[in-house]
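Along the sequence shown, residues carry numbers from 1. Basis for what follows: all heavy atoms, side chains included, without hydrogens, waters or symmetry-related copies.
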Amino acid sequence: MDAGSAFQRLLAIAKKSDTGQAGRVASFVAAVIDMNKFDLYDLRPLDERISDDILLCIDFIRWGKLALTDTTPRGMEQAMEVCVVWGYARPES
């Protein structure tokens, strides 16, 4: 399992749902691009697969040689879309 695939799955979750899990995932995505702080205790209520994906991404951020958003096509653009939808950023005019 690689971080790019994990990040892509997280982006998909944050885009397709308005559940509590999706909200926590969106909070993490916003933290990845420095638009939010992510509380690690928010991992507890998440499904194991989702929290494992977040931990994989955190590990990549710690050791990676490039930005997590560069591991997936349109990563930064997708992350910004999530942030706009969830209210972490204003839409561009």
ask   = Can you list every salt bridge (Lys or Arg N to Asp or Glu O under 4.0 Å) pair that touches residues 55-73, not counting sequence neighbours?
value =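 Applying salt bridge (Lys or Arg N to Asp or Glu O under 4.0 Å) to every pair that reaches into residues 55-73, excluding sequence neighbours, yields nothing.
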message = I need the full list of ring-ring contact (aromatic ring centres under 6.0 Å, His included) pairs touching residues 12-44, with sequence neighbours left out, sorted by first then second residue.
response =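 Sorted result for residues 12-44: F28-F38.
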Does [X] belong to the same Ile/Leu/Val/Met/Phe/Trp/Tyr cluster as [Y], with side-chain heavy atoms less than 4.5 Å apart forming each link?
| X | Y | value |
| --- | --- | --- |
| V25 | V84 | no |
| F60 | L56 | no |
| W63 | F7 | no |

query = Do any N or O atoms from the side chain of N36 and from the backbone of S27 form a donor-acceptor pair under 3.5 angstrom?
reply =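 Present.
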Hey, could you give me the [atom1]/[atom2] distance between [X] and [Y], rounded to the nearest 0.5 Å?
| X | Y | atom1 | atom2 | result |
| --- | --- | --- | --- | --- |
| L55 | I50 | CG | CD1 | 12.0 Å |
| L11 | R74 | CG | CZ | 9.5 Å |
| M80 | R90 | CE | CZ | 12.0 Å |
| R24 | I13 | CZ | CD1 | 13.5 Å |
| K37 | D42 | NZ | CG | 14.5 Å |

key: Where T71 and G4 come nearest, the two heavy atoms and their spacing   =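 Closest pair (atom of T71, atom of G4, distance): OG1-CA, 3.2 Å.
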task = Give the minimum heavy-atom separation between W86 and T19, together with the two atoms involved.
result =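 Smallest interatomic distance, heavy atoms only, reads CH2-O, 4.1 Å.
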request  = Report the residues that fulfil side chain to side chain donor-acceptor pair (under 3.5 Å) with D47, sequence neighbours left out, ordered by chain and then residue number.
outcome  =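 D47 satisfies side chain to side chain donor-acceptor pair (under 3.5 Å) with Q21 once adjacent residues are dropped.
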query = With sequence neighbours excluded, what pairs up with Q78 under the side chain to side chain donor-acceptor pair (under 3.5 Å) test?
reply =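 Result, side chain to side chain donor-acceptor pair (under 3.5 Å) vs Q78: Q8, K15.
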key: Pairing residues for V85 by the side-chain contact (heavy atoms from CB on, under 4.5 Å) criterion, not counting sequence neighbours   =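 Not a single residue meets the side-chain contact (heavy atoms from CB on, under 4.5 Å) criterion with V85.
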ask   = Among all residues two or more places apart in sequence or in another chain, which pass the salt bridge (charged side-chain N to carboxylate O under 4.0 Å, His left out) test with E48?
value =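 Partners of E48 under the salt bridge (charged side-chain N to carboxylate O under 4.0 Å, His left out) test: none.
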query = Given C57 and L10, is the side-chain contact (heavy atoms from CB on, under 4.5 Å) satisfied, shown in steps?
reply = CA-CA 10 Å; C57 290; L10 294 171; 3.9 Å; yes
key: Heavy-atom side-chain proximity of I58 to L40 below 4.5 angstrom   =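 Yes; the side chains approach each other to less than 4.5 Å.
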